[in-house]
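FYI, side chains are in, hydrogens and waters are out, and symmetry mates aren't considered; it's all heavy atoms of this structure. So that the names make sense, note that chain A is the first sequence line, chain B the second, and so on, each numbered from 1. Note that this is a predicted model, so its numbers are computed, not measured.
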Amino acid sequence: MNVRETITVDGNEAAARVAHRASEVIAIYPITPSSTMGELADEWSSRGQVNLWGNVPEVIEMQSEGGAAGAVHGALQAGALATTFTASQGLLLMIPNMYKIAGELTPFAMHVAARTLATHALSIFGDHSDVMACRPTGFALLASASVQEAHDLAAVAHAATLESRIPFLHFFDGFRTSHEVAKIQALTDEDLRALLSEEAIQAHRARALTPDRPVLRGTAQNPDSFFQAREACNRFYLDCPELVRGILSRLAALTGRSYHLFDYAGHPQAERVIVIMGSGAETVLETVDHLSGLGEKVGVVRVRLYRPFSMEDFLEALPATMRAVAVMDRTKEPGALGDPLYLDVIAALAQGRFTGVHRFREEPVVVGGRYGLSSKEFTPAMVRAIFQELNKDRPGSHFTVGIVDDVTHTSLLHDPAFQIEPEDVFRALFYGLGADGTVGANKNSIKIIGSETDRFVQGYFVYDSKKAGAVTVSHLRVSPRPIRSAYSIESAQFVACHQFEFLDRIDVLEHAAPGSVFLLNAPGSAEEVWGRLPREVQEQILEKRIRFFAIDAYAVARESGMGGRINTIMQTCFFAISGVLPREEALAQIKRAIEKTYAKRGPEIVRRNFEAVDSTLAHLHEIPLPDSAGASRHRPPMVSEAAPDFVQKVTAVLMAGKGDLLPVSAFPVDGTWPVGTAKWEKRNLALEIPVWDTQICIQCNQCALVCPHAAIRAKVYSELLGGAPSTFKASPYRGLEFKGMSYTIQVAPEDCTGCNLCVAVCPAKDRTNPKHKAIDMSPQAPLREAERENYRFFLDLPEVDRSGLKKIDHKISQFLEPLFEYSGACAGCGETPYIKLLTQLFGDRLLVANATGCSSIYGGNLPTTPYATNRQGRGPAWSNSLFEDNAEFGLGLRLALDSHHRQAMALLHHLASKIGETLVQELVEANQSSEAGLAAQRERVALLRQRLSGIPSPQARVLEALSDYLVKKSVWLVGGDGWAYDIGFGGLDHVLSGRRDVNVLVLDTEVYSNTGGQQSKATPLGAAAKFAASGKEVGKKDLGLLATSYGHVYVANVAFGAKMAQTVQAFQEAESYPGPSLIIAYSHCIAHGYDMALGASQQKLAVDSGVWPLYRFDPRRIAAGEPPLHLDSGPPTARVADYMRNESRFRVIERTDPARFKGFLRKAQEAARKRHAVYQQLAGITVPRSAPPEEETRDAQTDKS
Amino acid sequence: MDLTTPYLGRTLPNPFLPGASPLSDEIDTIRRLEDAGAGAIVLRSLFEEQITREGLATIAHLERHGESFAEATSFFPNPDSFILGPEEYLGHLRKVKESVGIPVFASLNGTTAGGWLEYARLMEQAGADALELNVYHVATNPGLSGTALEQEILAMVRQVKQDLSIAVAVKLSPFFTSFAHFAKSLDEAGADGLVLFNRFYEPDLDVQELEVTRALHLSDSSELLLRLRWMAILSGRVKASLAVTGGVHTALDAVKSIMAGAHVVQMVSALILNGPSHLRKVLDDLAAWMEENEWSSLAEMRGNMSLLRVPDPKVYERGNYMLMLQGRELF
């Protein structure tokens, strides 16, 4: 019997469950928000899960989406059933192949989690701009609006492409659908077999390229043939809608779920209609049901098969009574007459008229509207606003909804108070930290509810823009009916706040309904909780008559040995007081889930979790409410009053999570954003912060160097400490460089993330009590006020005079002001110390081209910006173009600088007589190889400007504008290994092959960190990563050695945790080298799976074991007759096994397949030994210097003789 | 020449068995040990503490980063496949059982009662012929009395004995105030064997870096003496089988152990140093020595030098050197 399982999954999984079963070859490349589909497919294949034909689909990760598209194109040509998953920029990279695949009428279904294209800014969130860019490719475009549809229509796509030979792009909204967890009915293998035509599969196979029946495809055609041949495919497009209709009918017959190319719903005599596709259609449908229930004549047409667009089916779907229609696009096509769906509808209606299919009583008014860009909320209130607009005699067209456009006044007003969710839909909101497991517990809860009751469930999870201390908000709905609400919960019957500190930063009760239940994780006794709430929270509780429960979840977690893991405790509380399931049943289910989840972590972990669940209820208290709010403490302001206007008016609003309220006029028109705003965001993430002991400290500055967030700093200064706060610490500086000056190590208490890296690297121990070091961690709360004042005082102390520095080593480098601070990187990040160092060394003349990835996210993800300026207003100029083009983009920066510089030089010569020959000569010949030289040149430029101001010529004005380019600029191309080793390698290689003075910094985490740990070509042998679940079988690419093969490229392999001095030296050498330089920087990462506090010591072990040799290849040494390669690390002294066993990415293999792990160990040990041996030999090789011409002649003569 | 010996309710062909160590990690090594004449083998210990700690660490360092950031809700291919329970061990145990004909004893190391005792049952299910329970515990807590600690261990032994039908040996450290009494209590609690004594990683000090370092050094025959004394004291006084572990390198070491009362001797360091074939050599040496000294069976020899049978039992009891004269029993 064909029994259909009910499953609770997200949209990505819903689509992937079909695609994996219906495919033989799956080529992918990770990109948010579609990555999960590829990961699941890989996981299933690696577990041996088979497709409909009993074979395990081949899943391959490529070097880019372009590569994935090429691979599927090849697979299709050779007769396989292939698929891929992608989004956004990835989809753009597939377009060239998509034209080919469609042009060759190739059956192919791909699945897209539709995402915003990068324009003025990147956005990972959802809209249709990527899919819309594919309209001309010839692909069919099939839209799903919900998780169930993502499952059903995925099957339709695979079936329809086989029958129609038109390739199908099946898409659903990124995040809103791809990441929404919902209860759906799964299609069985039998269902899929019934949908997929075996005959069509055989036909596809028969068309395969094979030498047994050779044909040729991919010809080049000429004017005599191309046009006609291009028109030859028309019949297939004309037939496609009918074929899709047939498949939809078969699906309906099988499952009872009925879909059409265009689905109308609403009042049978509707006068006002909205045409829309994607998840927004669900919200419109929900609102139409509500409004038509109130007698309003409104309706909705949900577009499913957008291409090929069937005019007949579309017109058929529209009610004849329609007099006004709003066509809603989730994309923007600037400069067009309208957005794409709108234009299609206009064209369809017009064609209908011409061809006589017109059936409206009166000519309908058609208006276009735009909504939901980058996952902007689209709510019933907005839908009603659209219908209200359609009610007007002359409704406005080209409107926007969901924002306030106070510049071109396109936006419709909507009333947020209009809410239509019925009372029988249970709605809950949870505010948690990523680290506390809130989202995982909630996903688990809805699975429990979904599987144990006949109710429908929906979970949607909103994540943070920061990686450290990330806040998550979970939206859970439980309903007796399928849930169509594709928008955030606006009014919740249950609100949980899993972190007490949030009350000071987030308005957690904003969406609490009157009479709702509020659960708070609060430290301390139940009696004290009320008194510790900010006044605003107390008032909301009383005003909304909220039932208030509290638990000290961390205490329960500690007592049960669960450390800081409170997920099961808070989940228990939720079930205990929400009433969504009978309490006992819920607790039993939680325990079942714990057993399922944690059995693999050992029985003791299960026991401790059980203990936590069992002791939770005894610690959960309902807090009695007083009559009035008694607190005098108010929620602190989001930013300091001292913050600049833009930060107050824009940044602070974004930080408060109220960015939706900002009007268009608040934003820069071109994506240009002010720097240095991270310092206004005081996140107070650290429970403990470092405390400095002046007596023990040896003033090595290692703590400052390793700090990923520039939250512990060193300074030398000669100021008297008059006016210093009483707890400010200083000691006499001990080195010779700054004799007689004072020295301070100061922590930024509210910016520190508490990662412990600084304490771990601190080498100074108290000899009488070695567990006490020069820096120890101590609870932040009691220190916060005093250290805040100390830090303020510290920042005001003068910076070191850079021009006086003769040599900058790793210690001195930390006296230079960091111009990259308090980023959103993970606590303990292994990348950011390098970037911070970069800004310390060259920040005031630095341009950064940053490849998309972790470093572009913590470098440029709003609301705040970590790149900062010095007191002179100079600092890094930073930009992110794309993922794949960063090397080229950075080279472009260099080309422009060189051009500006050349032009300035020419003008200098041209105006020399007026400016003064001496000054011009000094400017032209300036030695800018030292800080003193740079300072002198800046002074000369200032003088030049002064002189130019008195010269009344157009050239003088041009030179004035270009004069700053006379000061040497430093261009750095920064990115991760995914960029440098994979997607951007071609461009990087090209840039390195040239002579331009660019510096490349590869932050090598050996994995795609930002998208969640997919393998790259930098992933080392034996490491488990996504797409290498059983351990990578080949070693990492030796990018450095490849670059040295050019001979003219400076190359360094560095690891700050192993040898800080070498890192600092390499940065300076690379910068000073007048050609391309490449630094490959070992960056420990959370994707390696160990405590990041130990990152530096693990780096050392990487070097000591030979896994990560340190070296510098400097082509300048060739001229000196020296070997260009200098090995900075000795022969391996530690075992590779000890290195590998410290990290979960390797350990996981040992655990799952010990024999395989041993094989990896042997190979890795051998590879380390060999690599060192090779490098050692290279380090002894001198390269013959170019022989002068006469020598060549003499040699030639000698040869002849 | 009868080299057979009873141990944990079965008869082994000879008294030599490789003790819990990395020697049992590779099937190939185990086969070589079997070929060299090993009568049985003890697998490396499964460390309960390590599993629990790694479980917690996994949660702390793998899972806590998941579900935090929109672009990556996880960072590992399938964290669920990171199995930290005893599965790896049990799988190995099954493989060893399939690969060799000699009895295979599993070894389980734990400190306090807890969910891990479940592992013992799983080991039995996986085919272990007996279990060696290694109750390693460094009693650093000044609040914990010796009696309480002993009671805890006894409770664990009783629990395991109750759950299992295979024989259970208990491997002990010598650090008990009244070792003989405790050994007797274990005997009464049902322990089928006592293995004397565990050797620990011992902390050393790096006086430059002010750090504690750990190292496990291979044993030599000098370590045997402590074992001989306690073997002699227990022999004939407990029902449990007795095994010596630590310091057995030569046939003569084995002879001494057996004369003190041992049923079997476990070897690790000697086999690591000299390879699996060393076992054959020691076995041959033992036979040759017995022949030369006209011993026809181990049973004859076993315990002949135990406290109960030596003419001057005080030699096992005295802690200090005594002059011959003073040492004589005058009254």
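Only the backbone of A/His1088 comes within contact range of chain B, with at least one heavy atom under 4.5 Å from a heavy atom of that chain. Contacts of A/Thr438 with chain B are absent, with no heavy-atom separation under 4.5 Å from either backbone or side chain. Within the 4.5 angstrom heavy-atom criterion, only side-chain atoms of A/Ile857, from C-beta onward, approach chain B. Contacts between A/Ser465 and chain B at a heavy-atom distance below 4.5 Å involve the backbone alone (N, CA, C, O). Proximity to chain B involves both the backbone and the side chain of A/Ala1087, based on heavy atoms less than 4.5 angstrom apart. Only the backbone of A/Lys466 comes within less than 4.5 Å of a heavy atom of chain B; no side-chain atom from C-beta onward does. For A/Thr472, the part lying near chain B is the side chain, with the backbone staying farther off; criterion is any non-hydrogen pair under 4.5 Å. The part of A/Ile605 that comes within reach of chain B is its side chain, from C-beta onward, which places non-hydrogen atoms under 4.5 angstrom from that chain. Heavy atoms of A/Phe461 lying under 4.5 Å from chain B are absent altogether. In this structure, no portion of A/Tyr1008 lies under 4.5 Å from any heavy atom of chain B.
Shown here for A/Asp464 and A/Gly469, the closest heavy-atom pair between the two residues is OD2-O, 3.8 Å. Closest approach of A/Arg608 to A/Gly561, counting heavy atoms only: NH1-O, 3.2 Å. Residues A/Ser560 and A/Ala612 share a closest heavy-atom pair of OG-CB, 3.4 Å.
Under the 4.0 Å criterion applied to side-chain N and carboxylate O atoms, B/Glu98 and B/Arg94 are not assigned as salt-bridge partners. Taking the charged nitrogens against the carboxylate oxygens, A/Arg1147 and A/Glu1150 do have a contact shorter than 4.0 Å, which makes a salt bridge. For A/Asp42 and A/Lys1026, the salt-bridge test fails: no basic side-chain N is under 4.0 Å from an acidic carboxylate O.
Ranking A/His179, A/Gln1014, A/Lys443, A/Met562 against chain B, the residue ahead of the rest is A/Lys443, based on heavy-atom pairs under 4.5 Å. Of the residues considered (A/Gly434, A/Gly440, A/Gly437, A/Pro770), A/Gly434 shows the highest number of contacts with chain B, using heavy-atom pairs under 4.5 Å. In terms of heavy-atom pairs under 4.5 Å with chain B, the best-connected choice from A/Gly1013, A/Gly432, A/Gly1012 is A/Gly1012. Heavy-atom pairs under 4.5 Å with chain B peak, among A/Ala470, A/Gly1089, A/Pro1154, at A/Gly1089. The choice from A/Asp1091, A/Val606, A/Asp1153 that makes the most heavy-atom pairs within less than 4.5 Å of chain B is A/Asp1091. Per-residue heavy-atom pair counts under 4.5 Å with chain B were compared for A/Asn1010, A/Asn567, A/Ile31, A/Thr36, and the maximum is reached by A/Asn1010.
For B/Ser269, the side-chain hydrogen bond (donor to acceptor under 3.5 Å, both in side chains) test picks out B/Ser219, with sequence neighbours left out.
Using a 4.5 Å heavy-atom threshold, the side chains of B/Lys171 and B/Val135 count as separate. For the pair A/Phe175 and A/Glu180, the minimum side-chain heavy-atom distance is 4.5 Å or more.
Applying the salt bridge (Lys or Arg N to Asp or Glu O under 4.0 Å) test to residues at least two apart or on different chains, the pairs with a partner in residues 203-213 of chain B are A/Lys765-B/Glu211.
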